[in-house]
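To start, the structure itself, in structure tokens.
So you know, we letter chains A, B, ... as the sequences are listed, proteins then strands, and number each from 1.
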Amino acid sequence: MDTLRLFSQFIRGSIRVVAHGGAGYYIWLAVLGVVMAAGLFAYGNQALNGLITSNMRDQVSWGFYIGNFAFLVGVAAAAVVLVIPAYVYNWGPIRDVVLVGELLSVAAIVMCMLFVVVDLGRPEFVWHLMPGFGTPNFPHSLLTWDILVLNCYFLINWFIVTHILFMAFTGRDYNHRLVLPIIFLSIPFAIGIHTVTAFLFMGLEGRPYWHTALLAPRFLAGAFCSGPSLTLVVFLVLRRIGKLSITDAALLKIGELLAYAMAVNLFFVGTEVFTEFYGETAHTVHARFQWFGIDGQSTLATYSWLALAMNATALVIFVAPSLRNRMPLLAAACVLAFGGVFIEKGMGLILPGLTPDALGEVYAYGPSSTEVVVGLGIWAFGAFLFTLMTKVASAITSGSLRSESA
Amino acid sequence: MGTPRNRRVKQAGEAPEPSGSSRRDFIKTAATVGAGAIVAAPAVASGFDFDLESFFQKNFRELSEEELDALVKRLSRKYSKKYGKDVSVSAIGPMDGVLYGYGLDISRCTGCRRCVHACVEENNQSRDPEIQWIRVLEFERSEALRGIDLKDGNPYYEHKEVPDEGKFYIPIACQHCEDSPCSKVCPTGATWREPDGIVVIDYDWCIGCRYCMAACPYGARHFNWAEPNVPAEDINPDMHVIGNVPRKRGVVEKCTFCIQRTRKGRYPACHEICPVGARKFGNLLDPESEIRYVMKHKRTFVLKAELETKPKFFYFWGTEGRS
Amino acid sequence: MPGAGNDPGKDRLPGNQATIWGTLGLAVVVIVGLSAVRLEHQPETTRDYPPRPLIADGPAVMKPAPEIDDEYLPCRDCHTSPDRQTGPIPRELEYEHEDTELAHGNLWCLHCHDPERPGRLRLADSSLVKFEDSWQLCTQCHAKKLPEWRAGVHGKQTGHWRGPKEYQTCVECHEPHAPPFGTIEPKPRPKRPDEIIQPARISGEEQHGDS
């Protein structure tokens with residue numbers, strides 16, 4: 001009963017915290033609000049008229065939405081990248097910021113789920129794949145596995161942050177015997193969400209571009225680039241606005257980790273390109289579309305080379321200590337890596353798999369305005385969620401939000 | 001988990017699963033009140049036909065005989081009223097000892113696309129936006145010297161007369177695979193292979209995730225990107241629940257071997273229209289059938305055999321001395 | 001932030017516990033990997049259909065050809081005249097036969113038609129058959145086609161794959177005087193993906209009594 005009373009205090013306190021802030025905070029929320037409203041409006045248009053408002057067609061039946069989904073699964077690894085050094089190696093400077101990483105993961109998974117839902121033709125029937133209500137095709141459909149691991153990963157992260165924050169709110173230390181095993185459980189699940197999401201694509205024997213064992217490792221490598229990159233930039237921003245105290249040492253450590261991740265990521269891209277083109281077969285047509293374009297349709301090829309250039313530049317900065325140790329350069333490299341991986345593991349992964357289509361037709365897909373606006377709306381919602389959660393977290397950890405009894 | 005139970009192996013006299021049905025009944029009652037109001041409001045507002053009964057309808061495979069009977073009657077009434085003609089929706093099941101097989105003689109096909117349009121009319125495919133289950137690819141004979149590669153095919157050919165000089169044609173629709181990648185990946189079990197080999201879709205159960213379209217190696221699956229539209233006068237009133245009933249927006253559809261015809265013994269529509277007799281259809285389990293004659297006497301091949309999807313759609317070169 | 005002020009060693013997981021978690025994770029991966037072998041083939045789950053015996057097969061009948069008799073072909077009207085006698089030597093077709101394209105190997109009219117009984121067709125052994133049995137004439141040369149046609153593989157059948165079906169005879173599809181197929185006009189091509197656009201919305205009036 002006492003806990004319940006405290007929890008309602010916790011909720012009310014949190015609401016109070018998110019409702020009050022400086023001018024910058026309100027402006028930021030207003031901007032996000034406008035984008036979210038635009039996204040909602042665009043989705044309303046899509047819901048009313050159907051997915052014909054997208055540029056997806058039978059030839060390319062997945063596009064911007066699923067691309068964002070695949071990419072954001074990677075971002076959701078942000079937490080685990082911090083968890084490993086913080087807890088496995090007990091490295092203090094990072095352990096202080098694990099919570100922010102967890103919040104980022106929660107926001108990213110929510111965005112993942114939203115991107116899947118907006119891609120559905122009949123979202124009102126999602127209950128058809130819930131056990132008990134519907135008839136999930138488990139274990140045969142990898143999509144049911146993906147839903148399972150994504151939800152588990154979401155619950156794990158959500159539970160950890162809520163528990164830690166709530167305990168801090170009540171002025172107590174969190175329950176180590178309970179939290180630590182769960183934190184450790186999040187490591188296999190973080191790897192699980194990438195592996196299973198990659199399996200979604202790898203398991204399709206009819207799509208040779210995806211039907212490669214390297215896809216899951218590539219997902220992981222990409223995730224270890226995009227997640228920490230975003231985390232690092234977020235840390236810098238939070239430190240600038242005084243919401244987070246994090247040492248340079250911790251940031252540089254993340255930068256060092258990014259050097260490894262990006263090197264492995266580019267290595268995987270290289271091996272894939274070699275396999276495709278050195279012994280070229282009929283299946284290479286997809287890689288050809290990705291890197292050179294077919295029938296003059298080379299927009300994706302331009303983006304692919306751009307992504308490669310961005311990733312390569314980022315790698316140079318990450319690897320050279322003299323460059324990496326300059327904070328503005330490190331931040332720029334993170335932005336480059338994030339953008340590069342967004343192209344490479346988003347649309348750069350989905351579109352070549354589906355183009356040319358199963359019957360060899362090349363349809364040069366690019367997202368429609370509806371898709372882009374809906375996508376932006378979801379990103380804005382993710383940022384909104386993260387902002388509110390971080391605000392509460394920082395209020396609690398800084399001690400300005402405490403239970404009356406504490 | 002809740003995968004549709006394999007009812008074919010269920011022991012006779014076994015009690016129906018009470019937990020499942022009572023749980024569903026409870027959910028049904030509870031959800032009708034709450035979710036119904038939420039879901040129905042925008043659906044009604046946007047003018048699409050919507051009723052709670054169909055919203056909470058079970059997977060086709062889990063409907064009891066009585067429920068299926070009620071569904072068939074309800075749909076017949078609904079569409080008779082909607083289209084102003086005597087629509088008969090059936091759920092006629094597979095015949096014992098039948099496995100359908102299709103043969104297509106590529107030495108004969110002239111690429112006239114009559115099958116494509118007969119199929120559209122028979123199966124109530126949306127006219128606008130256009131959905132066509134059969135796609136006819138045109139190939140250069142000279143290019144086929146290095147083997148048939150589907151990416152050389154052109155579905156958009158326009159000639160005054162066909163066959164065009166130096167070309168050959170391959171019509172492609174659902175291959176009705178024995179190991180169908182589409183049904184394996186479907187997260188809701190909305191698509192499956194029937195005992196007579198027809199791969200079908202429960203249009204009321206499909207959520208429109210399009211995973212099956214990514215999985216299909218033959219481009220056979222088509223999505224209703226917008227509200228499908230068939231003029232009432234063009235509606236084929238002879239319908240099957242998992243065949244050619246009018247589809248809804250946001251679901252996937254594909255060839256069903258004209259299930260509403262073939263299960264009554266008739267030839268599919270594409271077979272009947274073909275002006276050159278290039279299409280052969282029959283029971284693979286009957287040694288006297290046309291399709292078995294083809295298998296025995298002609299050299300047949302299947303598309304993308306290396307994927308081992310085991311299609312039941314066979315292409316063959318039927319004419320000696322014709323090149 | 002939590003944990004910051006704690007004893008640094010407190011959060012460290014004991015080595016053996018880390019080993020347990022690692023092993024568990026590995027085991028899960030191995031099990032999932034191995035189960036993929038089982039997952040490759042999905043068991044066929046379908047409705048519990050009641051047994052439905054194979055329906056009765058029906059007769060296979062030939063599509064009836066129009067009855068053609070001697071009166072219908074008033075050949076004698078002309079061919080009795082001395083300068084319009086039929087003959088075995090191929091020559092330019094004229095008058096009534098001007099429009100007949102004769103392109104069937106080296107065949108000439110009298111290989112198939114009987115000058116005395118124009119309502120009949122003449123087989124190689126001089127016996128006469130009705131026009132509706134023309135397939136007997138065709139298969140004298142195209143003998144290999146006969147079993148295929150009978151099996152339903154050469155030519156076209158309509159009706160039922162199981163039940164009554166109708167065979168088209170040779171001349172239903174092939175013009176006997178010039179049998180190879182000609183060309184025909186194709187139906188319209190499919191729309192390209194970028195041509196499939198949102199249909200103009202039916203505003204106000206609900207089409208086809210849609211409620």
Side-chain angles (χ1 to χ4, degrees), chain A residues 44 47-54 56-59 61-62 66 116 119-148 200-201 203-208 210-211 282 285 294 350 353-354 356-362, chain B residues 1-4 20 23-24 27 31 35 39 42-43 46 55 58-59 61-62 129 131 135 137 149-153 155 172 181 183-190 205-211 213-227 248-252 304 307-309:
Chain A
L48 204 62
N49 295 304
L51 279 161
I52 196 147
T53 50
S54 76
M56 291 183 278
R57 292 295 178 265
D58 288 351
Q59 285 77 1
S61 49
W62 279 345
I66 297 295
V116 172
D119 189 64
L120 292 180
R122 303 203 304 164
E124 67 272 29
F125 287 99
V126 280
W127 59 273
H128 285 178
L129 44 75
M130 292 175 192
F133 295 81
T135 54
N137 186 12
F138 189 86
H140 293 280
S141 173
L142 261 302
L143 203 51
T144 56
W145 284 75
D146 211 25
I147 291 162
L148 190 72
L200 277 185
F201 301 100
L204 305 180
E205 63 268 48
R207 305 287 181 181
W210 293 332
H211 198 227
V285 67
I294 300 176
I350 304 299
L354 296 168
D357 78 345
L359 298 185
E361 184 181 343
V362 176
Chain B
M1 263 167 119
T3 319
R23 187 173 54 214
R24 275 207 192 78
I27 290 160
V39 179
S46 58
F55 185 80
K58 288 192 280 190
N59 186 318
R61 288 184 280 178
E62 298 203 329
I131 292 182
R135 226 166 157 70
L137 300 190
D149 188 341
L150 291 181
K151 75 170 188 290
D152 299 330
I172 299 172
S183 64
K184 186 168 76 179
V185 303
C186 178
T188 61
W205 201 252
C206 170
I207 60 171
C209 72
R210 307 192 297 293
Y211 195 11
M213 295 176 76
C216 176
Y218 306 101
R221 291 179 160 254
H222 305 274
F223 186 69
N224 284 281
W225 298 99
E227 194 69 24
K248 297 172 179 71
R249 190 188 67 194
V251 301
V252 172
K304 303 192 182 182
L307 300 181
E308 301 204 340
T309 52

Inset, instruction - Identify which of B:A220, B:C186, B:A214 forms the greatest number of heavy-atom pairs closer than 4.5 Å to chain A. - result: B:A214
Inset, instruction - Identify, with sequence neighbours excluded, every residue that meets side chain to side chain contact (heavy atoms under 4.5 Å, CB included) alongside B:P129. - result: A:I52, B:S126, B:A226, C:I196, C:P199
Legend entry - Most chain A-contacting option - heavy-atom pairs closer than 4.5 Å, from B:L150, B:V185, B:I207: B:I207
Legend entry - Contact leader toward chain B among A:G206, A:S141, A:G203, A:G50, where contacts are heavy-atom pairs under 4.5 Å: A:S141
Legend entry - Top contributor to chain A interface from B:C206, B:G153, B:C216 [non-hydrogen pairs under 4.5 Å]: B:C206
Inset, instruction - Check whether any side-chain heavy atom of B:P187 sits under 4.5 Å from a side-chain heavy atom of A:N137, and report yes or no. - result: no
Inset, instruction - Check each atom of A:L51 against the heavy atoms of chain B and say whether the ones under 4.5 Å are side chain, backbone, both or neither. - result: both
Legend entry - Close side-chain approach of B:T188 and A:F125, heavy atoms under 4.5 Å: no
Legend entry - Heavy-atom check, side chain of A:W62 versus side chain of B:Y211, under 4.5 Å: yes
Inset, instruction - Would you mind telling me which of A:Q59, A:M130, A:R207 has the largest number of heavy-atom pairs within less than 4.5 Å of chain B? - result: A:R207
Inset, instruction - Pick one of side chain, backbone, both or neither for B:K304, based on which atoms fall under 4.5 Å of a heavy atom in chain A. - result: side chain
Inset, instruction - Report yes if some heavy atom in the side chain of A:L200 is under 4.5 Å from a heavy atom in the side chain of A:W145; otherwise report no. - result: no
Legend entry - Pick from B:A190, B:G219, B:C209 with the largest number of heavy-atom pairs that fall under 4.5 Å of chain A: B:C209
Legend entry - Proximal component of A:I66, with respect to chain B [non-hydrogen, under 4.5 Å]: neither
Legend entry - chain A interface, residue from B:L137, B:V251, B:D149, B:I131 that has the most non-hydrogen pairs under 4.5 Å: B:V251
Legend entry - A:M56 vs B:M213 side-chain heavy atoms within contact, under 4.5 Å: no
